Protein chains: 2
Amino acid sequence: MTKSAAPYHHGSLKDALVDEAAAMIAEGGVDGVTMRAIGERLGVSRAAPYRHFPDKTALIVAVAATGFARLSHRLRSVDAEAAGASLGRIRRMGEEYIRFAIENPAHYRVMYGKEALARREQPELRQAGDAIFDHLVDVLRAHQRSGGIKRQDPRVQAYVAWSAAHGLASLLIEEQILADVDVDAVIGQTTNALLNGLRRRARR
Amino acid sequence: MTKSAAPYHHGSLKDALVDEAAAMIAEGGVDGVTMRAIGERLGVSRAAPYRHFPDKTALIVAVAATGFARLSHRLRSVDAEAAGASLGRIRRMGEEYIRFAIENPAHYRVMYGKEALARREQPELRQAGDAIFDHLVDVLRAHQRSGGIKRQDPRVQAYVAWSAAHGLASLLIEEQILADVDVDAVIGQTTNALLNGLRRRARR
DNA sequence: GGGGGCATGTTGACGCGATCAACATGCCCC
DNA sequence: GGGGCATGTTGATCGCGTCAACATGCCCCC
């Protein structure tokens with residue numbers, strides 16, 4: 001994809017910067033990332049990063065973009081596995097979203113959470129985020145057609161679903177949920193509540 | 001409550017600082033708040049705020065604390081109005097939480113959202129947040145006793161409910177939800193899904 | 001085969017924001 | 001009527017983002 005192994009001076013500083021930035025975000029948030037410190041960690045000078053990113057924001061954007069690529073890939077994978085219009089497909093997408101957040105907290109933070117950049121001003125991220133959202137809307141639309149879920153504005157349904165997943169993901173990675181609580185139960189019940197809300201209610 | 005009207009030099013700089021900080025957070029996030037700028041806006045020098053807050057963090061903490069006080073007050077109010085154990089009581093609390101976030105985005109951001117401080121390290125905020133959460137748990141417990149909702153770990157139920165409300169509040173104040181979507185519908189459906197998830201399912 | 005040129009890095013300098021220290025100014029209390 | 005604390009102010013220091021000028025490899029073209 002990018003440069004391969006050992007080009008010029010450092011090697012592939014650009015990729016290393018993105019990885020290191022993510023690590024530093026996980027440790028101390030975006031403020032914990034300083035051009036000076038990241039340079040030092042990678043054995044280059046403070047201004048070296050500027051040869052690869054116009055400014056610090058661009059570096060953080062790259063981290064977010066990497067995150068969007070990963071999340072998109074994961075969602076499409078589980079979605080492909082569980083093709084068709086079973087409700088399980090939606091459940092798995094929700095779980096995968098939350099799992100992604102837990103496994104990539106730094107990326108999630110700059111994508112959607114605390115530390116998130118003004119997506120509105122970063123066309124690249126905006127597009128990536130929209131693509132994921134649109135995919136969800138498509139999935140919901142498909143389920144509406146096949147009769148599994150209520151017929152109503154699929155975008156509203158998508159926002160409801162996203163809200164639940166995002167809220168839970170945020171609380172989990174910001175460690176707002178106490179350790180002695182059964183996290184899996186919370187995740188399970190959240191997705192259940194969500195599916196119940198979407199499911200076409202059987203006439204009683 | 002605090003100082004009254006016109007004490008020493010400025011008047012009540014302390015309160016003014018908290019208000020102004022909230023306004024500045026709404027405009028440009030916590031990074032948009034600089035001791036210099038806030039001083040200038042209030043007609044004092046850059047170091048004046050230090051006479052009232054040991055550092056910038058303390059000022060932001062004060063904003064968050066104000067927010068917690070307001071939210072707590074609002075929740076207790078609606079809760080009192082709709083006493084008893086009707087499901088409507090839970091719905092109203094959820095709606096009020098979201099409404100608070102929409103009306104006080106700056107406060108919400110530093111309390112729970114993006115820009116949130118490490119609550120873990122601010123005993124004052126930690127306690128305020130816990131109190132609100134515990135109150136929710138109590139309400140859920142009461143509803144369990146009166147049979148309105150499923151009997152299961154009320155803390156898990158509380159986290160599920162909080163996740164949904166927090167997720168929606170976050171997306172709304174971060175303007176992630178497009179303007180042409182029916183926001184009230186999203187709010188309504190979120191709370192509905194939540195209540196359905198909590199409600200004791202009628203045996204069919 | 002050698003020189004020019006671009007890609008990469010490095011160091012020095014500037015400006016901004018947080019914060020501390022030393023100094024100024026009201027007011028209230030004894 | 002003066003001392004002392006509460007409030008403010010100005011000067012100075014330090015870290016950080018960022019730009020400019022300068023250094024260093026390497027690859028490509030003649």
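For clarity, every value in this text was computed on a predicted model and none was experimentally measured.
- Residues A:Phe68 and A:Glu124 have side chains not in contact (no heavy-atom distance under 4.5 Å, counting atoms from C-beta outward).
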Contact state string [nucleotides 11-19 of chain C, B base, S sugar-phosphate only, - no protein heavy atom under 4.0 Å]: BBB---BBB
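- The two residues B:Ala131 and B:Arg76 make their nearest non-hydrogen contact at O-NH2, 4.3 Å.
- A:Tyr97 and A:Tyr108 have perpendicular rings, their planes meeting at more than 60° on a 0 to 90° scale where under 30° would count as parallel.
- Between B:His52 and the phosphate of D:dA6, there is no side-chain N or O to OP1/OP2 separation shorter than 4.0 Å.
- Within the 3.5 Å criterion, the main-chain N or O of B:Ser45 finds no donor-acceptor partner in the side chain of B:Glu40.
- One atom, CG of A:Leu42, and another, P of C:dG9, lie 10 Å apart when rounded to the nearest Å.
- For the pairing with A:Gln157, the side chain to side chain donor-acceptor pair (under 3.5 Å) check across A:Arg151, A:Lys150, A:Gln144 returns one residue only, A:Gln144.
- Between A:Phe53 atom CZ and C:dA7 atom P there is a gap of 16 Å when expressed in whole angstrom units.
- In this structure, B:Glu40 places its CD atom 12 Å from P of D:dT10, rounding to the nearest Å.
- Counting only heavy atoms from C-beta outward, the side chains of B:Asp79 and B:His135 approach each other to under 4.5 Å.
- A parallel orientation is assigned to the rings of A:Trp162 and A:Tyr159, their planes being inclined by less than 30° (bins at 30° and 60°).
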query: Dot-bracket for DNA chain C, 5' to 3', counting Watson-Crick or G-U wobble pairs under 3.5 Å, with [ ] for crossing pairs and | for inter-strand pairs?
result: ||||||||||||||||||||||||||||||
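- Using a cutoff of 4.0 Å between basic side-chain nitrogens and carboxylate oxygens, B:Arg74 and B:Glu103 are scored as salt-bridged.
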